[in-house]
Amino acid sequence: MYTYEGAWKAHEGLRVIGSTFYQGKERSHRIVREFLGTAPFLGEEVLIGPDGRELEVHHSLFHHDGNAEYTEDYVQVIMKGLAQSKLTDDGSQVRRMPYGPHYYGLTLAGLTRENGYVGVYGESTNYFPCWFFRTLGHAGDEALNDDILKVALKNLHARGFTRYQGQTAAGHRAMFMQQVIDDRNSDYPGRPAYGTDEESGAALRYAALEEFMARNPDRYSAPEWEEYREYAREATGYAQQQLLDAQFFDSFQRRWLDRKLKYDLRIQETFHYLTGGREALLGSAGAGRILPHAHLEAFSSQELRELGVEAGWDNTSFAWVDIDNLLVSVRDGDNHLFANLLERNTGMSGASRAHLQYGSTEQLLHFQADVDMTTSYVAIRGTTREEYRQKAQDEVIEGRPFALTGELLPVAAQPGVGEIRRENFIEDNPYSAYPELVTACVGEYLIAINTTRTSYGNRRSIAVTLPFEHDQDGVQDVVSGARLPVANGQLTLEPLSAVVLKTGMSPCGTPIAPACVPAVIATPGHGKVGLSWKPVAGATSYTVARTGRDSEPKILAEGIPGTSAILDADDQTPADYTVTANGTLGTGRPSRPVRCSALPSTGGSSLQPALIGRGTAALIASSTDGYEFREVHAAGFAGGDDANLYLREEADAVAAATALAEGSFQITARLTDAATTAGVWLRENLTGRARYVFFGLDHGSLVLRTRTLDTREDFGAGNPGDDAGGGQTRSPYTWKVRGLPVPDRPWLGLQRDAEGHQITALISADGRLWQRVAQDIVPMAEIVHAGVCVSDDAVFEAVGISRLPRDIPVLTAAHGESTVQLTWTKPKAVTVFDLYLVDEDGPSLAGENLWQTSVVLPAPSRPCRYKVVGKGPDGRTVGSRELLLGIPDGSDSGEHQGT
């Protein structure tokens, strides 16, 4: 809103000075409508230079440090006035459309939104009345002025459903903003708020709108204004309720007369209107409206008369649903329910939150909604905390990855929306987790929302299976107030509609079978297909089925206890694969099918040759556990920056020998001859742009190179908006290992801990005693490719992949000059560790109840073994394998540095 308001001011400034660059009223109105949310937001204009080349104008606001960033095109073309708008064939300006052509800043129900419902940031619309008076009486702005009035009133009406009854710390009656379920600024109890938040003092602005309409009745007498006259009445009523509760003047000195109300010159007149002047214009001093979730019993009869609330007026039964935000506000007698069915989902996790009030009880819930949606691809949750706008590398405690790291997050597809092309975090958009159907049982209510519509290209009716018993005459819907028919246990939900059904029981329904598996990733292998999927609550095992082009579904595997499987696929015919969850209460619905075809297999060796990227060529010969690469032509690993819209599509070009690997494992190899880039690696798939981990030689240096495809901007150390700084490209990223020449230690190894997604790089002189030289966290699917890769001629021997136990710690060591650091992985079920020294006399305790996952010890004077035992809160223990620790020869110490 604020940046586009500046664009409008700049454009109108051109009109004021008579500039030939002024593009007319239509252009000005379009800018205003986009930032007010009444026209689709289409993003920045695409600019071209004098040579017709599209300019690179990447800029990141996500450091939040107040600094501008200028590309060379900014400096050399735009700032010199040489840029022009890129035009379509019909002469209209080309826009970037980061969210496609259908994204409105206001929802159909009237609320603001980011990806979903925002409470505090939703107050940015407090400027709408200012815009109404700013455009009032200007020739050519009449239609725009009317639209601004309508949207200002509808928005305030919608905000009324996001307020709830409470008490201040001093015990005084007050209404509060619903921040419990706020996408951005979650809080309890939240800010005091009525029509507007208390701090802004903006309630008078909206009451001024009713006064203006009352003084100009002829202008607003047409039938189209009927609902807006009611909304204006609410605006006055909410302001009067705020005054009655003594929740208005508390903030007068703080923000009222400075920046927040700098445009309001009607304060005196409006206050008079609120406190008695309304009667002369509309026949009643009180508007007769209070907020929907206000408790009538909290007011005396005298107070209700003062507010103009008539006897018998009832606000105790309604359900209001904002379908765009998947926000639900319900009042059913003394039951008050607020639910956000899409809270902070960047990719569909199903995370939802609710705030319930019933009787004298308040309940805050975090739960998972059930969704049905078409998936375009599956994203993977990154390594840092759930602050989804920025990333700071130093947030991760060493060795203890965040619990949700690596979560599979299906990204929704709406055909009519088109491609999402935004800066920074790709999945941080309003469509990435927007399903076609969402259902949830909250208390004694079943919520179901059909979001499909023509503009999204997915309009359809959807049958919802009811998980509770119902009468023959249907079910009661609180949204419409009607009883809805049910056929064969299903309710038909029309496009762009919602229901809140009273189930008559709490909790609604009975225990049910596991839900549908929401995310499946298919990884093509040579003669095989690997499937990785997201676990489902209540599942004890999974079943995998395949459907060919003309065949019936065929079960390939049953009773799979984990979340992955590698399946034989002899031909390269595309087939659809599904995964079904099985539980003690039954079997869930099959997942949405994923299509995959296996790669051709040459047979023979365990690893198969692969050429990745355009222009890659090589002769790859194999022997027993050995691979020779000759006549290699490959550009190597790509550079770029996955957080930068213009640089994130760069692709790798390498030659490799790979095989599918599952879960936790170790890949080792002896590098006997290499020219440029050669080493061991893991890669999520064999396309040019994929997540990977590479460890080996790169132009003479020993490196650990990673690409996570994490598109969040790294704001560095410090706090965004305060002292943040030092951010850098994090994907791809290279750790350089110094002080350990490869010729002396030709054995290379990569360990993968699938539970924590932790990668450990190892080197060895003899393939028996291994030293850790670098670590990182790289979330990937359960099944990846593992093997060796090169960008030039190279020879590997003794290449092997070995499985590691998934649920026990894996211990490694790194040598310093006079110390050794032992580090181990952390199984999710473990909270603390005991460390043991194991010698000929048996184990002895070297550390007890350690919460950390590493210790530094004096370098041993003789070979010894260590073991770590993890302990869970339930008393169970899991022990690592014993680690043989050799005696450093004086040249074993090394360091790694990230670039």
Side-chain angles (χ1 to χ4, degrees), residues 349 378-386 395-409 517 519-521 523 530-537 539-542 560-566 579 660-667 682-684 691-693 706 708 710 749-762 772 774-786 801-812 822-834 850-854 867-874 876-881 883:
S349 70
V378 177
I380 297 182
R381 192 183 296 275
T383 60
T384 54
R385 63 188 172 88
E386 184 58 5
E395 289 178 330
V396 178
I397 301 172
E398 183 178 358
R400 301 178 77 91
F402 285 95
L404 292 178
T405 293
E407 180 186 6
L408 301 187
L409 300 171
V517 174
V520 181
I521 293 178
T523 306
L531 296 181
S532 310
W533 57 87
K534 187 173 182 175
V536 173
T540 56
S541 68
Y542 297 89
I560 302 171
T563 54
S564 61
I566 297 177
V579 180
L660 291 182
E662 182 178 9
S664 299
F665 60 86
Q666 177 174 286
I667 169 77
L682 320 176
R683 191 177 182 93
E684 200 167 58
R691 298 176 181 88
Y692 69 78
V693 180
T706 67
T708 63
D710 192 332
L750 278 175
Q751 280 184 359
R752 183 203 189 197
D753 169 33
E755 276 208 341
H757 298 272
Q758 186 164 294
I759 302 295
T760 303
L762 306 162
R772 184 187 70 256
Q775 281 186 315
D776 204 354
I777 298 173
V778 182
M780 289 184 174
E782 185 84 2
I783 291 176
V784 297
H785 282 267
I801 301 173
S802 56
R803 291 288 296 268
L804 296 174
R806 184 185 182 95
D807 56 353
I808 72 169
V810 177
L811 189 59
T812 58
L822 300 180
T823 299
W824 52 90
T825 58
K826 180 191 174 300
K828 287 187 176 180
V830 170
T831 53
V832 294
F833 300 89
D834 292 340
L850 305 172
W851 70 268
Q852 70 269 30
T853 56
S854 68
K867 179 179 181 177
V868 67
V869 176
K871 299 186 292 187
D874 58 358
R876 297 182 185 179
T877 61
V878 288
S880 72
R881 296 172 180 173
L883 173 70

Margin query: Leu408 vs Ile521, test: side-chain contact (heavy atoms from CB on, under 4.5 Å). Steps then yes/no.
Written below: CA-CA 9 Å; Leu408 301 187; Ile521 293 178; 3.9 Å; yes

Next item on the list: Go through the steps to decide whether Thr825 and Gln751 satisfy the test side-chain contact (heavy atoms from CB on, under 4.5 Å), and finish with yes or no.
Entry: CA-CA 10 Å; Thr825 58; Gln751 280 184 359; 5.9 Å; no

Notebook entry, point to check: For Pro827 and Pro809, which heavy atoms make the closest approach, and how far apart are they?
Noted result: CG-N, 3.8 Å

Check: Does Arg752 reach the main-chain N or O of Ser664 with its side chain, forming a donor-acceptor pair under 3.5 Å?
Finding: no

Checklist line | Exercise: do Glu662 and Ser564 side chains pair donor with acceptor under 3.5 Å | finding: yes

Notebook entry, point to check: Hey, what do you get for OG (Ser532) to CD1 (Ile566), rounding to the nearest 0.5 Å?
Noted result: 8.5 Å

Note to self: Strictly distance-based, threshold 3.5 Å: is any side-chain N or O of Arg881 a donor or acceptor partner for the main-chain N or O of Val810?
What the structure shows: no

Margin query: Quick check for you: to the nearest 0.5 Å, what is the distance between Ile759 atom CD1 and Asp776 atom CG?
Written below: 8.5 Å

Check: Where do Val378 and Val520 land on the side-chain contact (heavy atoms from CB on, under 4.5 Å) test, with the steps shown first?
Finding: CA-CA 8 Å; Val378 177; Val520 181; over 6 Å; no

Margin query: I'd like to know if the side chain of Ser880 and the backbone of Val868 have a donor-acceptor N/O pair within less than 3.5 Å.
Written below: yes

Checklist line | Distance in Å, Leu409 CG paired with Ile380 CD1, rounded so as to fall on 0.5 Å steps | finding: 8.5 Å

Check: Distance from Phe402 atom CZ to Thr383 atom OG1, nearest 0.5 Å?
Finding: 8.5 Å

Next item on the list: Check whether any side-chain heavy atom of Leu822 sits under 4.5 Å from a side-chain heavy atom of Leu811, and report yes or no.
Entry: yes

Note to self: Let's go through Tyr542 and Leu531 carefully: what are the C-alpha distance in whole Å and the side-chain angles of both, what is the deciding distance for side-chain contact (heavy atoms from CB on, under 4.5 Å) to 0.1 Å, and is it a yes or a no?
What the structure shows: CA-CA 12 Å; Tyr542 297 89; Leu531 296 181; over 6 Å; no

Check: Rounded to the nearest 0.5 Å, how far apart are CH2 of Trp824 and OG of Ser854?
Finding: 6.5 Å

Next item on the list: Quick one: list whatever passes salt bridge (charged side-chain N to carboxylate O under 4.0 Å, His left out) with Lys867, sequence neighbours left out.
Entry: none

Notebook entry, point to check: What are the two closest non-hydrogen atoms of Lys871 and Thr877, and how far apart are they?
Noted result: CG-CG2, 3.8 Å

Check: Looking at Asp710 and Gly382, what are the two nearest heavy atoms and their distance?
Finding: OD2-CA, 4.2 Å

Check: How far apart are the closest heavy atoms of Glu407 and Arg381, and which atoms are they?
Finding: OE1-NH2, 2.7 Å

Margin query: What's the separation between atom CG in Leu682 and atom OG1 in Thr706, rounded to the nearest 0.5 Å?
Written below: 11.0 Å

Next item on the list: Check Thr708 against Val778 and note the closest heavy-atom contact, atom names and distance.
Entry: CG2-CG1, 4.1 Å

Check: Between Met780 and Tyr692, what is the shortest heavy-atom contact and its length?
Finding: CE-CA, 3.3 Å

Check: Would you find a donor on one side and an acceptor on the other, under 3.5 Å apart, between the side chain of Glu684 and the backbone of Ala781?
Finding: yes

